[in-house]
Protein chains: 2
Amino acid sequence: MTRLPAQNLATAAHRATLADRYAAWRALGFDAARCPVRNVLDHLGSKWSTLLLIALAEKPMRFNALLRDVPDISRRMLTQTLRDLERDGLVSRQVFPTKPPSVEYRLSAMGESVLGPLTALVGWAEQHFPDIEQARARFDGGAAGSAALEGPNDRVALAPVPVRG
Amino acid sequence: MTRLPAQNLATAAHRATLADRYAAWRALGFDAARCPVRNVLDHLGSKWSTLLLIALAEKPMRFNALLRDVPDISRRMLTQTLRDLERDGLVSRQVFPTKPPSVEYRLSAMGESVLGPLTALVGWAEQHFPDIEQARARFDGGAAGSAALEGPNDRVALAPVPVRG
DNA sequence: CCGTATCCGTCCGGATACTG
DNA sequence: CAGTATCCGGACGGATACGG
């Protein structure tokens with residue numbers, strides 16, 4: 001009733017786009033090897049890769065600089081994540097034959113091209129972070145806690161679904 | 001020399017945006033609990049959540065429908081991922097008191113709002129999937145294989161970096 | 001300085017069987 | 001139909017020590 005029509009149109013468009021791709025993936029047999037979501041996004045969603053891409057977005061950095069900059073990462077995970085990113089062609093590794101040797105990591109052209117979509121998603125995450133924390137708090141303490149706060153928003157079952165017509 | 005100036009400007013803007021946020025996170029102590037990337041994107045990047053969001057983008061679905069639709073997912077992971085998405089407020093769960101009971105999952109308003117950024121990222125993944133596969137192939141077999149293919153593209157170390165000024 | 005190797009605990013995630 | 005419980009292998013991920 002009081003919904004925003006513009007927003008509905010926008011999400012409807014996104015729905016259609018995604019539904020089409022989803023159907024296409026299914027048509028291709030939905031092989032894990034051929035599904036971009038499972039092959040590409042799973043890597044990007046890995047614990048540290050996004051953070052590293054953002055760190056490298058600022059400027060090229062050396063190994064120990066990254067180690068200091070991303071506070072909780074361990075040597076092992078830094079090496080491993082950088083290698084994964086390098087393997088996917090998002091980051092390039094440049095060795096300077098100094099003594100002691102120094103290695104610099106920088107975003108490749110493809111790595112820079114992902115910053116756009118990534119920025120959008122990070123922006124969404126920041127914008128909705130309060131809502132998400134609120135939803136989590138409601139969900140976690142919700143069962144035992146206040147039932148009166150959310151009365152009319154809880155959708156109740158009114159029209160039973162026919163069980164597999 | 002032959003770079004595209006427009007693209008450089010665009011990525012420069014993204015760089016600046018991300019660098020600012022990164023600096024802001026650092027200023028806040030970089031606590032894991034307060035970093036949207038680590039708190040929100042890690043969940044979205046989880047193995048199945050993106051796929052489920054896309055599946056639910058098409059239309060609301062019931063448990064076993066999702067189980068059939070996302071071929072490789074197990075009951076356990078489907079339950080768990082749906083609960084996580086529900087906890088974050090991206091998916092709502094509606095129980096119909098039929099016999100046997102039926103449960104329908106649908107995107108919440110916030111869940112629909114993520115489709116935009118997600119579509120962008122999925123689009124990027126699809127667009128660059130061939131390049132990524134190529135990069136992987138080069139990286140995996142690259143060390144032993146053809147060195148002549150990529151001659152002038154390999155950046156060599158020319159100017160040694162001063163070791164911590 | 002830039003990693004690799006090793007050890008080791010934790011959690012992810014699949015298979016199966018069972019309940020309401 | 002829609003889950004929960006249990007088991008179990010393997011991957012994730014930290015700490016430490018060592019090598020180039």
Side-chain angles (χ1 to χ4, degrees), chain A residues 32 38-39 41-52 55-56 60-87 91-106 143 157 159-165, chain B residues 32 38 41-52 55-56 60-87 91-106 139 143 157 159-165:
Chain A
R38 299 180 65 178
N39 270 277
L41 296 196
D42 270 11
H43 283 182
L44 287 182
S46 182
K47 194 176 183 186
W48 300 108
S49 42
T50 305
L51 234 32
L52 284 181
L56 290 176
M61 280 193 186
R62 289 170 51 186
F63 188 85
N64 278 351
L66 287 167
L67 201 60
R68 280 188 301 272
D69 226 48
V70 183
D72 292 340
I73 200 171
S74 66
R75 263 184 179 71
R76 205 180 108 89
M77 281 303 105
L78 180 55
T79 304
Q80 188 171 313
T81 310
L82 283 172
R83 287 192 85 82
D84 285 351
L85 290 172
E86 190 192 358
R87 189 176 102 98
V91 159
S92 70
R93 179 176 178 274
Q94 183 177 16
V95 183
F96 294 93
T98 54
K99 216 169 62 172
S102 52
V103 180
E104 197 181 67
Y105 294 90
R106 71 171 63 227
V161 167
V163 185
R164 297 283 290 159
Chain B
R38 298 179 64 175
L41 295 196
D42 270 10
H43 284 183
L44 287 183
S46 181
K47 195 176 183 186
W48 301 108
S49 41
T50 305
L51 234 31
L52 283 181
L56 289 176
M61 279 193 187
R62 289 169 54 185
F63 188 85
N64 277 350
L66 286 167
L67 200 60
R68 280 189 300 272
D69 226 47
V70 183
D72 292 340
I73 200 172
S74 66
R75 265 185 180 71
R76 205 179 108 90
M77 280 303 104
L78 180 55
T79 303
Q80 187 172 311
T81 310
L82 283 172
R83 288 192 84 83
D84 285 350
L85 290 173
E86 190 192 357
R87 191 176 102 97
V91 159
S92 70
R93 179 177 176 272
Q94 183 177 15
V95 184
F96 294 94
T98 54
K99 215 169 64 173
S102 52
V103 180
E104 196 181 69
Y105 294 90
R106 71 170 63 228
F139 186 91
V161 167
V163 186
R164 298 280 289 157

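For clarity, every value in this text was computed on a predicted model and none was experimentally measured. A, B, ... follow the sequence lines: proteins, then strands. Residue 1 opens every chain.
- Of the listed nucleotides (C/dG13, D/dA2, D/dG13), C/dG13 has the atom at the smallest distance from the side chain of B/M77.
- The side chain of A/F63 approaches C/dG3 more closely than any other nucleotide in the set C/dG3, C/dG14, D/dG3.
- For the pair B/F96 CZ and D/dC1 P, the interatomic distance rounds to 16 Å; values are reported in whole Å.
- Out of C/dC2, C/dA17, D/dG14, the shortest distance to the side chain of A/R93 is found at C/dC2.
- When atom types are taken as modelled, the side chain of B/T81 and the backbone of B/W48 share no donor-acceptor pair closer than 3.5 angstrom.
- Atom CG in B/D69 sits about 14 Å away from atom P in D/dA2, given to the nearest Å.
- Each of A/I73 and A/P101 lies near DNA chain D, and the nucleotide nearest A/I73 is the one positioned closer to the 5' end.
- Checking C/dC2, C/dA15, C/dT4 against the side-chain heavy atoms of B/R76 singles out C/dA15 as nearest.
- With respect to B/L67, the side-chain contact (heavy atoms from CB on, under 4.5 Å) criterion is satisfied by exactly one of B/M77, B/M61, B/R75: B/R75.
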- Task: With side chain to side chain contact (heavy atoms under 4.5 Å, CB included) as the test, would you mind laying out the steps for A/E86 and B/F139 before giving the verdict?
- Result: CA-CA 8 Å; A/E86 190 192 358; B/F139 186 91; 3.7 Å; yes
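- Counting to the nearest Å, the C1' atom of C/dA5 and the CZ atom of A/R83 are 14 Å from each other.
- The side chain of A/T79 sits closest to C/dT4 out of D/dG14, D/dA2, C/dT4.
- At whole-Å resolution of the value, CE in A/M61 and C1' in C/dC2 are 17 Å apart.
- In this structure, the nucleotide among D/dG13, D/dT4, C/dG13 sitting nearest to the side chain of A/K47 is D/dG13.
- In this structure, CZ in A/F63 is found 11.0 Å from CZ in A/R68, a value given to the nearest 0.5 Å.
- In this structure, OG in A/S46 is found 7.0 Å from CG in A/D84, a value given to the nearest 0.5 Å.
- The nearest whole Å value for the distance from the CD atom in A/Q80 to the P atom in C/dT4 is 10 Å.
- If you measure from atom CG of A/D72 to atom P of D/dG14, you get 8 Å, rounded to the nearest angstrom.
- In this entry the distance linking NE2 of B/H43 with C1' of C/dC11 reads 13 Å, nearest Å.
- The interatomic distance linking A/K99 (NZ) with C/dC1 (C1') rounds to 13 Å, in whole Å.
- In this structure, B/L82 and A/W48 both approach DNA chain D, and ranking their closest nucleotides by distance from the 5' end singles out B/L82.
- For the OP1/OP2 pair of D/dC1 and a distance below 4.0 Å, the side-chain nitrogens and oxygens of B/Y105 include no atom meeting the criterion.
- Side-chain proximity of A/R62 to D/dG13, D/dG3, C/dC1: nearest is C/dC1.
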